[in-house]
Amino acid sequence: MKKYVLMGLCTVLCFQITACGGLGKADSNEVAREKAAAISNKLESGELLIDEAKYSFPSAMTDWTEHGWHISNSYANIDTFELENNVESTEFEVYNDEKDSKYVQMCAINLERDPVKIEQATVSYLSIKVSDAKDSLEVILPGGINSKSTKEDVINAYGEPQEEDTDTLCYYYTSSDGLDIVVEILMMMDKVTNVTYALADSNWGSVTNAEECVQFINDALKASFYGEFDTYVENKFDTQEGAQELYDSEVDYYAQNLMYFLDIDSETVDEGILTGFYDVSKAVLAKFKWDDPVVDLSDGALWGSFEITMYPTDFVDVIIEDVQAVAESGLDGDEYAQAMLDAIRPKVDEISYREPITKSYDIDTEDGIISQDTWDEIDDILMDFAE
């Protein structure tokens with residue numbers, strides 16, 4: 001009797017497994033949906049699961065390295081190579097020690113003002129193979145989309161794609177940080193096989209011809225020295241916060257050099273006096289002058305050059321006699337610093353210009369348009385710090 005009961009139970013179980021498709025699509029998608037409860041069900045969240053670990057796009061490279069991922073040797077000088085502000089790396093792989101097949105394609109971008117190493121940058125491009133092969137990454141997207149999901153599943157989860165070709169569904173959205181994101185989902189044999197996230201080109205200002213380059217250079221200089229940000233920000237060459245930081249850094253650079261020249265310790269001087277020197281620096285920067293650059297850049301070209309004529313200020317010459325008198329007065333500490341400030345502040349209105357200096361520089365539209373070294377040299381010329 002017990003034998004027949006066991007046989008009957010086996011028959012029922014076999015029927016149930018067959019009816020449910022074994023470990024087929026229904027079970028696989030249900031498991032994926034359960035796991036996907038750990039992340040948002042909206043594609044716009046930028047969240048995804050990789051081997052049940054939560055990631056997001058865009059994210060800091062450290063979010064990956066802290067999960068045991070390593071940057072490949074795409075760069076021979078990976079330990080010293082640095083990205084300039086708003087410059088994106090070439091494509092590289094990150095790999096995981098646990099499984100040989102765990103590779104992810106990436107690019108990184110430096111969204112900070114100062115140069116950073118790749119591992120300190122932000123992921124700007126992320127491409128992952130979606131597969132159920134042995135030892136492959138288990139990738140689950142919002143809504144439980146995984147290697148078993150069909151085109152219909154994707155559309156049910158995310159809606160109709162904004163763009164579509166034979167085997168790719170493209171979705172566009174703006175992240176909570178205001179960044180434009182493009183997501184491409186590759187289909188093969190009506191199954192998801194790859195997903196790519198990228199920061200869209202619309203996030204960044206572009207220069208495609210000589211006229212746009214002239215506008216960019218003038219706007220960048222106005223943002224740097226005049227604190228005029230509107231056009232520079234509107235054309236997406238920086239955020240309002242980034243442009244303000246750029247201007248503040250220029251003011252700080254000039255003020256610190258001015259105080260060093262006057263033998264004033266900016267670390268110990270009275271805060272009110274320090275503010276006065278920064279106000280003078282802003283007033284001097286507002287006097288900076290240059291001619292519209294002459295740009296050699298064909299329409300659509302990646303490389304070119306520009307020539308710019310700059311007029312260094314003669315502020316040091318204007319103040320030299322008065323500051324020499326203060327230096328010989330025998331004052332010290334804050335009394336000395338205040339006397340220096342009182343001596344130079346009225347002299348701003350007397351600023352004129354030295355002989356103009358004309359320089360030529362390279363343009364690379366794929367690498368920040370103009371290098372940081374070029375901007376630094378222009379700064380020093382206009383500030384009369386150039387040797």
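Residue numbers run from 1 in the order of the sequence given. Remember, it's a predicted structure, so these values are computed and weren't measured experimentally.
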(request) Determine the interplanar angle of the Y254 and F288 rings, folded into 0 to 90°, and report it as parallel if under 30°, tilted if 30 to 60°, perpendicular if over 60°. (result) perpendicular

(message) Under a 3.5 Å distance rule, please check whether T275 uses its side chain to pair with a backbone N or O of E271 as donor and acceptor.
(response) yes

(request) Flag the pair F216 / W204 as yes when their ring centroid distance falls below 6.0 Å, and as no otherwise. (result) no

(request) Determine whether L141 and L49 fall in the same hydrophobic cluster, where Ile, Leu, Val, Met, Phe, Trp and Tyr are linked whenever their side-chain heavy atoms lie under 4.5 Å apart. (result) no

(request) Give a yes/no verdict on a cation-pi contact between K117 and F81, requiring under 6.0 Å between NZ or CZ and the six-membered ring centre and an angle within 45° of the axis. (result) no

(request) Given side-chain contact (heavy atoms from CB on, under 4.5 Å), test T193 with L186 step by step and report yes or no. (result) CA-CA 6 Å; T193 59; L186 181 65; 3.7 Å; yes

(request) Calculate, to the nearest 0.5 Å, the distance between atoms CE and OG belonging to M259 and S281 respectively. (result) 7.0 Å

(request) If the plane angle is over 60° it's perpendicular, under 30° parallel, otherwise tilted; pick one for Y247 and F229. (result) perpendicular

(request) Look at the side chain of N110 and the backbone N and O of L83, then say whether any donor-acceptor pair between them is shorter than 3.5 Å. (result) yes

(request) Might you point out which heavy atoms bring F57 and V123 nearest each other, and give the distance in Å? (result) CE1-O, 3.5 Å

(message) Is it the case that the side chain of N146 and the backbone of I140 share a donor-acceptor pair, with hydrogens and angles ignored and the cut-off at 3.5 Å?
(response) no

(message) Testing D132, D190, D153 one by one against K148 for a salt bridge (Lys or Arg N to Asp or Glu O under 4.0 Å), which residue passes?
(response) D132

(message) On a heavy-atom basis, which atom in I273 and which in V269 lie closest, and how many Å separate them?
(response) CG2-CG2, 3.8 Å

(request) Look only at the side chain of Y353 and the backbone of K287, and say whether a donor-acceptor pair between them is shorter than 3.5 Å. (result) yes

(request) Using distance alone, with no hydrogens and no angle criterion, decide if E328 and Q324 have a side-chain donor and acceptor under 3.5 Å apart. (result) yes

(request) Measure the shortest side-chain to side-chain distance between W64 and S59 over non-hydrogen atoms and say whether it is less than 4.5 angstrom. (result) yes

(message) Are T365 and T208 packed together at the side-chain level, in the sense that at least one heavy-atom pair is separated by less than 4.5 angstrom?
(response) no

(message) Does Q162, at its CD atom, have more than 12 non-hydrogen atoms belonging to other residues, nucleotides or ligands within less than 6.0 Å?
(response) yes

(message) Using a strict threshold of under 4.0 Å (side-chain N to carboxylate O), is an ion pair present between K359 and E307?
(response) no

(request) Answer with yes or no after comparing the ring centroid distance for Y311 and W290 against a 6.0 Å cut-off, counting only values under it. (result) no

(message) Under a plain distance cut-off of 3.5 Å, with no hydrogens placed, do S206 and D201 share a side-chain donor-acceptor pair?
(response) no

(message) Are E138 and K35 packed together at the side-chain level, in the sense that at least one heavy-atom pair is separated by less than 4.5 angstrom?
(response) yes

(message) For K102, is there an ion pair with D135 - N to carboxylate O distance below 4.0 angstrom?
(response) no

(request) Would you confirm whether D51, through its side chain, and A53, through its main-chain N or O, come within 3.5 Å as a donor-acceptor pair? (result) no

(message) Hydrophobic clustering (ILVMFWY, side-chain heavy atoms < 4.5 Å, transitive) - are L137 and L126 grouped together?
(response) yes

(message) When you compare the side chain of V182 with that of Y173, does any pair of heavy atoms fall below 4.5 Å?
(response) no

(message) Between Y197 and Y172, is there shared hydrophobic-cluster membership here, with clusters defined by ILVMFWY side-chain heavy atoms closer than 4.5 Å?
(response) no

(request) Measure the spacing between OG1 of T309 and NZ of K289 and express it to the nearest 0.5 Å. (result) 11.5 Å

(message) As a quick check of understanding, evaluate side-chain hydrogen bond (donor to acceptor under 3.5 Å, both in side chains) for D248 and Y253, giving each step before the final call.
(response) CA-CA 9 Å; D248 291 343; Y253 181 62; over 6 Å; no

(request) Output the distance between atom CG (L246) and atom CZ (F237), rounded to the nearest 0.5 Å. (result) 13.5 Å

(request) List the steps, then state whether side-chain contact (heavy atoms from CB on, under 4.5 Å) holds for L48 with I128. (result) CA-CA 11 Å; L48 68 160; I128 311 173; 3.6 Å; yes

(message) Is any side-chain heavy atom of P142 closer than 4.5 Å to one of Y158?
(response) yes

(request) Taking all non-hydrogen atoms of both residues into account, name the closest pair between M340 and V323 and its distance. (result) CE-O, 3.2 Å

(request) Enter the distance from S371:OG to E84:CD here, rounded to the nearest 0.5 Å. (result) 7.5 Å

(message) Rounded to the nearest 0.5 Å, what separates atom CD1 in I378 from atom CG in L382?
(response) 7.5 Å

(message) Are there over 12 heavy-atom neighbours, none belonging to Q338, within less than 6.0 Å of that residue's CD?
(response) yes

(request) Would you mind reporting whether W69 and Y55 have side-chain heavy atoms less than 4.5 Å apart? (result) yes

(message) I'd like to know if the side chain of N218 and the backbone of Q215 have a donor-acceptor N/O pair within less than 3.5 Å.
(response) no

(request) Determine yes or no for a side-chain-to-main-chain donor-acceptor pair under 3.5 angstrom, with D364 supplying the side chain and E366 the backbone. (result) yes

(request) Could you go through the side-chain contact (heavy atoms from CB on, under 4.5 Å) check for M106 and Y125 one step at a time? (result) CA-CA 5 Å; M106 285 187 177; Y125 170 85; 5.5 Å; no

(message) Looking at G242, is its backbone amide N or carbonyl O close enough to the side chain of T239 to form a donor-acceptor pair, meaning the two atoms are under 3.5 Å apart?
(response) yes

(request) For S124 and E88, test the side chains for any donor-to-acceptor distance below 3.5 angstrom and give the result as yes or no. (result) yes

(request) Calculate, to the nearest 0.5 Å, the distance between atoms CD and CZ belonging to Q256 and F261 respectively. (result) 15.5 Å

(message) Which label fits F306 and Y361: parallel for a plane angle under 30°, tilted from 30 to 60°, or perpendicular past 60°?
(response) tilted

(request) Could you tell me whether a side-chain N or O of S131 sits under 3.5 Å from a main-chain N or O of S136, the two making a donor and an acceptor? (result) no

(request) Work out which heavy atom in D263 is nearest to a heavy atom in Y336; give both atom names and the distance. (result) O-CE2, 3.5 Å

(request) Grab the two heavy atoms, one from M187 and one from S149, that are nearest each other, plus how far apart they are. (result) CE-O, 4.1 Å

(message) Please check: side-chain N/O of N156 versus main-chain N/O of E152, any donor-acceptor pairing under 3.5 Å?
(response) yes

(message) On a heavy-atom basis, which atom in I381 and which in M310 lie closest, and how many Å separate them?
(response) CD1-CE, 3.6 Å

(request) With the side chain counted from C-beta on, respond yes when I344 and F277 share a heavy-atom pair under 4.5 Å apart, and no when they do not. (result) yes

(message) I'd like to know if D180 and K236 make a salt bridge, using a cut-off of under 4.0 Å between side-chain N and carboxylate O.
(response) yes

(request) Please check if V87 and V116 belong to a single hydrophobic cluster, counting links between Ile, Leu, Val, Met, Phe, Trp and Tyr side chain heavy atoms closer than 4.5 Å. (result) no

(request) Flag yes if I145 and I39 sit in one hydrophobic cluster, no otherwise; membership is Ile, Leu, Val, Met, Phe, Trp, Tyr, and two members link when side-chain heavy atoms are under 4.5 Å apart. (result) no

(request) Go through the steps for E93 and Y95 under the test side-chain contact (heavy atoms from CB on, under 4.5 Å), then give the verdict. (result) CA-CA 6 Å; E93 289 180 331; Y95 63 93; 5.9 Å; no

(request) Check step by step if salt bridge (charged side-chain N to carboxylate O under 4.0 Å, His left out) holds for E321 and K347. (result) CA-CA 11 Å; E321 290 186 8; K347 297 294 184 178; over 6 Å; no

(message) Just so I know, are the side chains of D230 and E228 near enough to count as touching, which here means a heavy-atom distance under 4.5 Å?
(response) no

